[in-house]
Each structure stands twice: as structure tokens, then as C-alpha cells.
S.K.: 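First the structure, then my questions, so here it is.
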Amino acid sequence: MPELPEVEVVRRGLERWVAGASLGEVAVLHPRSVRRHVRGAADFTASLSGRVVAEVRRRGKYLWLTLDSGDALLAHLGMSGQLLVQPCGADDERHLRVRLPLAVPPDSGPADPRELRFVDQRTFGHLLVDHLVDDGAGEGLPSVITHIARDPLDPAFDDDAFAAALRRRRTGLKRALLDQSLISGVGNIYADEALWAARLHWARPTETLRRPQIDTLLTAVREVMTAALAQGGTSFDSLYVNVNGESGYFERSLNAYGRRDRPCARCGAPIRRETFMNRSSYSCPRCQPVPRGARV
DNA sequence: AGTCCGCCCTGTACGC
DNA sequence: TGCGTACAGGGCGGAC
């Protein structure tokens, strides 16, 4: 499942292939993949054709290509989305949803034509074209994601403001971590990993957290993401950009997620699995005891 | 306004 | 073997 580190790996990989390239005739092979482009699939392709890509940016789990039209091609990978750069003649992937041919300036880049492909088995991901608005720091942000908070690796992320906002919440800690309007980029896997590292239980009432604990938590979030990024960033330098939640790139370093009944790396107690928000939460029963007033 | 639930989707694993 | 069910879960619309 792509969370911030995986999306950042894709962003870095994509940049090399698409910056400076122009888009040819885009083909939408599955309408659901552009469902959030409100003006429809035909408008989606029309607003991309012939546009030149400037740069690839990211906030949390959202990724966008800035275009010479002043708009952006915004992408969210959802659960199973991939953005691949392939030779135009390569066989279609089974779940190819959108095809975006690339043309590079004649005096640069590889001779064989390539295309950007959006592949998405479960179609939770999507693409859309959107105009940019000022994000408050002079940078452009796609208008449909202005409610997405800065992510913890963003230099402009405000720890003080986050701590204050977190304590104003009246909910459980993991629910807050997964709320992309409070802090972005954190999904189920890295939430569990950060909570384990910070020795905090997922149901801890947010308003009872003290500042040192919030700082410990933020440090943990940044460390697990940075470590994953370091692994992912060195895991591929191949022809195409790839992200695959099941790839196992980052599995080796997990301490909690998916480790039911296996010993905690700190204390040896068997990791427990609980159901919460219709998904799994993994934690150590000894290092992360259930707090008073737990919010399930 | 803040909080939270249900739904969307497909492939795999597993019990009977 | 085949069928049914559980599970994976991000983000949003809408209920409360």
C-alpha cells in the first residue's frame, strides 16, 4: 500500500523521465480512474494533449505533474496504483487504466518512444487535471487537495501547530494519525510502526498526550518514513518507475505491522492484532498498554 | 464544526 | 473442485 515513502520513490523516479517531456494523445481505458475529473474523460484527455511537463511534486500521498498550461495532472495511487514509464510497444499490463504517451525534445533522451502508464488493479486510485492555487507559501497546490495537511517530511511542517491541533482533537491517536487533514502521508502501516516506536497505544485519547510524547511520536513517524525511503530509493533504478504495496521492499524492517503472534523486537511479547476502523492494528501488548479512557 | 461510518473495488486465501 | 466469505484499506460523502 503506497504511503508517503513509496509515493516519494515514485516521484523521484518519474521526475527523470517526464520533466521536459510533452504529452501525446492520452487514452482513458477505464472511466473509474478519472472519476474525480469532474468535467469528464474527454475533457481530461483534451486538457493534457500537447502539454509540456515541468516538474513532479508531492504532498502526503498525492503526486502531481505541473504543466505548461498552468494546470497540474494530479495522481493518487490508492491501494494498488502504479505509475510506470514503459516503451510504447511493451505489452499492456493486465490492469492498465490510462495511457499517456511521452515525447521528449529531439536532441535529448532515449530514441525509442515511451509512455507513462497508470496501472491500478483495484481502482481506488485516480488521476485528474486541476488548476493550481497558492498554498500560502507561494507554491502551487492543486485546488482539490487544499484540505490535505503538510506531511511530516515537509520542511514547512509546523510541529507546534500539529501538537496543538492534535490535543484539540477528541478522538483516538491512530485515527488522528490517519486523518490527512491533520498530518498527511501516514497510512495504516507506518501509523502502526510509529506508534510501536513511540510506545503509544492506537486508542490513546489525543487530548491526554503531552508535548514530549507528541515530539517522540513525530520523531518516530519521520524515522520510519526516512528509513523506508532510504530502502525504496535504492531498490530500483531500472527502466521504469514502479511502486507495489506487496513488493516487500520495506517489509524486512517492520516491527509491528503484519507481525501477529511474532515476538516484539524490544520485549519478546507476542504482537497482537486488533480490528479497528475495519482494518488491522498491530501493537505490542507490553510496550503499548491499553491507556485509560481508550478511544476505540 | 468535529467526529465517524459506509462504501467503492478486485484478487487472494481459506474453510467447508 | 467449487462456492462463499474474510481480508487488504485510502478517501470521501453524508449522517449525526
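In what follows, chains are A, B, ... by sequence order, proteins preceding strands, each numbered from 1. Treat the numbers as computed from the prediction; the structure is a model and nothing was measured.
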S.K.: Determine the contact category for A/Arg35: base if any of its heavy atoms lies under 4.0 Å from a base atom, sugar-phosphate if only primed atoms, P, OP1 or OP2 are that close, otherwise nothing.
M.R.: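 The answer is nothing, as A/Arg35 stays clear of every strand by at least 4.0 Å.
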
S.K.: Rounded to whole Å, please give me the gap between CG in A/Asp120 and P in C/dG10.
M.R.: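 The distance from CG of A/Asp120 to P of C/dG10 comes to 14 Å, rounded to the nearest Å.
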
S.K.: What string of B, S and - do you get for nucleotides 11-16 of chain C 5' to 3' if you count protein non-hydrogen atoms under 4.0 Å?
M.R.: SSS---

S.K.: Could you pull out all residues at least two apart from A/Glu3 that satisfy side chain to side chain donor-acceptor pair (under 3.5 Å)?
M.R.: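 A/Glu3 satisfies side chain to side chain donor-acceptor pair (under 3.5 Å) with no residue once adjacent residues are dropped.
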
S.K.: Measuring from atom NZ of A/Lys61 to atom CD of A/Glu8, what distance do you get when rounded to the nearest 0.5 angstrom?
M.R.: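 CD of A/Glu8 is found 15.0 Å from NZ of A/Lys61.
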
S.K.: With sequence neighbours left out, write down each residue that passes salt bridge (Lys or Arg N to Asp or Glu O under 4.0 Å) with A/Arg168, or none if nothing qualifies.
M.R.: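 Counting only residues at least two positions away or on another chain, A/Arg168 forms no salt bridge (Lys or Arg N to Asp or Glu O under 4.0 Å).
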
S.K.: I'd like the 5' and 3' limits of the part of DNA chain B contacted by chain A, with heavy-atom contacts below 4.0 Å.
M.R.: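 In short, chain A contacts DNA chain B from B/dT3 to B/dG11.
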
S.K.: For a quick check of understanding: with a heavy-atom distance under 4.0 Å over all strands, which category does A/Arg295 fall into, base, sugar-phosphate or nothing?
M.R.: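 Touches nothing.
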
S.K.: Provide, to the nearest angstrom, the distance between the CE atom belonging to A/Met277 and the C1' atom belonging to C/dC7.
M.R.: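 To the nearest whole Å, that distance equals 16 Å.
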
S.K.: Describe, as an angle rounded to 10 degrees, how the axis at the first end of the helix from B/dG2-C/dC16 to B/dC16-C/dG2 is tilted relative to the axis at the last end, five pairs per end.
M.R.: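 End-to-end axis angle for the helix from B/dG2-C/dC16 to B/dC16-C/dG2: 50°, rounded to 10°.
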
S.K.: I'd like to know if A/Arg222 and A/Asp159 make a salt bridge, using a cut-off of under 4.0 Å between side-chain N and carboxylate O.
M.R.: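 Salt bridge present between A/Arg222 and A/Asp159.
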
S.K.: Specify the separation, in whole Å, of atom CD of A/Gln121 and atom C1' of C/dC7.
M.R.: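 One finds 13 Å between C1' of C/dC7 and CD of A/Gln121, rounded.
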
S.K.: Return each pair, listed once, that meets side chain to side chain donor-acceptor pair (under 3.5 Å) where at least one residue sits in residues 286-296 of chain A; pairs must be two or more places apart or across chains.
M.R.: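 Of all non-adjacent pairs touching residues 286-296 of chain A, those that pass side chain to side chain donor-acceptor pair (under 3.5 Å) are A/Glu207-A/Arg295.
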
S.K.: Taking salt bridge (Lys or Arg N to Asp or Glu O under 4.0 Å) as the definition, give me every residue that meets it alongside A/Arg175, ordered by chain and number, with sequence neighbours left out.
M.R.: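 Expected list: none.
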
S.K.: For A/Arg168 and for A/His95, locate the closest nucleotide of DNA chain B by heavy-atom distance; then report the residue assigned to the nucleotide nearer the 5' terminus.
M.R.: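 The answer here is A/Arg168.
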
S.K.: Could you list the residues that satisfy side chain to side chain donor-acceptor pair (under 3.5 Å) with A/Arg99, not counting sequence neighbours?
M.R.: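 Partners of A/Arg99 under the side chain to side chain donor-acceptor pair (under 3.5 Å) test: A/Asp92, A/Glu115.
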
S.K.: Which residues satisfy the salt bridge (Lys or Arg N to Asp or Glu O under 4.0 Å) test with A/Asp120, sequence neighbours excluded?
M.R.: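 Testing A/Asp120 for salt bridge (Lys or Arg N to Asp or Glu O under 4.0 Å), a comparison that skips the adjacent residues, returns none.
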
S.K.: Which residues pass the side chain to side chain donor-acceptor pair (under 3.5 Å) test with A/Ser283, sequence neighbours left out?
M.R.: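 Here the qualifying residues are A/Arg272.
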
S.K.: Just list the side-chain donor-acceptor pairs under 3.5 Å for residues 69-78 of chain A, sequence neighbours left out, or say none.
M.R.:
| residue | atom | partner | partner atom | Å |
| --- | --- | --- | --- | --- |
| A/Ser69 | OG | A/Asp71 | N | 3.3 |
| A/His76 | ND1 | A/Gly78 | N | 2.9 |

S.K.: Taking only residues two or more places apart in sequence or in another chain, which ones pass side chain to side chain donor-acceptor pair (under 3.5 Å) with A/Arg211?
M.R.: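 Counting only residues at least two positions away or on another chain, A/Arg211 forms a side chain to side chain donor-acceptor pair (under 3.5 Å) with A/Asp160, A/Asp215.
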
